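Read through the structure below, which is laid out as structure tokens, and then see the notes.
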Amino acid sequence: DELRAELEETNRGVVALYAELDTQAEELRKATELKSRFLAYMSHEFRTPISAIRSIARLLSDRVDGPLAPEQEKQVGFIDTTASELAEMVDDLLDLAKIEAGRIDISPAWFEMVDLFSALRGMFRPVLHNPATTLIFEEPEGLPKLYTDDRKLSQILRNFISNALKFTPRGEVRVSAMRAGDDAVKFSVSDTGIGIAPEHHAAVFDDFSQVDSPVQKRLRGTGLGLSLSRQLALLLGGHVEVASELGKGSVFSVTLPVQLRRQDAARSE
Ligand code: ADP
């Protein structure tokens, strides 16, 4: 009898523990949902004032009221770049929040890699301020047409390329694409920049991760770009990877299936 009483007591304890765990899981789910909604709301609301700041900076630099003094021109340029960085961060946050909430749409279509590369070339031409670093797109010859969400692939590559340019004070950034087996394509962005120490390789794709070094402290950023790139690659049924050597340079790659199948995309949604 004593044993039975003890058993029943333990049973009640276990049941209570389960109930408690359930409540906590529910609270955690609600908190996560609230966080996603807050992020989505915030990033959405931030967009309007940021674009207002940018258009005003543009108006000023277009010298509507006569020419600006060189110093003023510099400051106005600074307002514009800072505001566009802010806009990018907000976009990254919004995308991450959408992915977390499973609310991002994937729109695959057939396209040629040559077209994607020339679009990217066009996007980067105006921002190549540093004459000591060249950006080269290798001709993607003999590659099949790709069926995937080209805007998301472009977003991943844009993140890789702007990082590579940012962390390569002088040297070369090279973008290339090649087949990876029968049904995949691998895109790589390699640079001859500052590189990443081996102990940081695993963490660079994490949220808000930034390598702690004097050079990198001078270069602002959010640490969100690569984590977003990883999430996007997963959504497209692929993966990202990094190879890098400190002081030599880095290669960031994304491998994607030639033809995105619905089940690949659904897996991470
Ligand atoms: P951000 O660039 O906004 O800091 P990312 O998520 O894009 O955030 O990158 C995370 C970190 O990874 C960077 O802060 C930097 O330390 C490191 N990193 C990314 N790309 C490179 C690169 N091409 N060369 C050296 N370090 C890099």
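For clarity, every value in this text was computed on a predicted model and none was experimentally measured. Whatever order the structure lists ligands and atoms in, that order sets their numbers, starting from 1.
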Can Asp95 and Gln231 be counted as having a side-chain donor-acceptor contact under 3.5 angstrom?
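Looking only at side-chain atoms, Gln231 and Asp95 do not form any donor-acceptor pair under 3.5 Å.
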Polar side chain donor-acceptor pair, Arg158 to Ser154, under 3.5 angstrom
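Looking only at side-chain atoms, Ser154 and Arg158 do form a donor-acceptor pair, the distance falling under 3.5 Å.
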Can you find a non-hydrogen atom of [X] under 4.0 Å from ligand 1?
X      : result
Phe205 : no
Ala164 : yes
Lys166 : yes

For Ser188 and Ser253, indicate whether the former's side chain and the latter's backbone hold a donor-acceptor pair under 3.5 Å.
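Judged by distance alone, no pair lies under 3.5 Å.
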Just how far is it from atom CD1 of Ile56 to atom CZ of Arg58, taken to the nearest 0.5 Å?
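Ile56 atom CD1 to Arg58 atom CZ measures 12.0 Å (nearest 0.5 Å).
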Taking side chain to side chain donor-acceptor pair (under 3.5 Å) as the cut-off, I'd like each qualifying pair that reaches into residues 113-123, sequence neighbours left out, listed once.
none
Below the 3.5 angstrom mark, is there an N/O of Leu226, backbone or side chain, next to an N/O of ligand 1?
yes
Return yes or no for this condition: an N or O of Ser227 is under 3.5 Å from an N or O of ligand 1.
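Not met; the criterion fails.
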For Leu224, the atoms of ligand 1 under 4.0 Å from one of its heavy atoms are 6 (O), 8 (O)
Closer than 4.0 Å to some heavy atom of Val204 - which atoms of ligand 1 meet that?
12 (O)
Which other residues belong to the hydrophobic cluster containing Tyr18, where Ile, Leu, Val, Met, Phe, Trp and Tyr are joined when side-chain heavy atoms lie under 4.5 Å apart, directly or via other members?
Val14
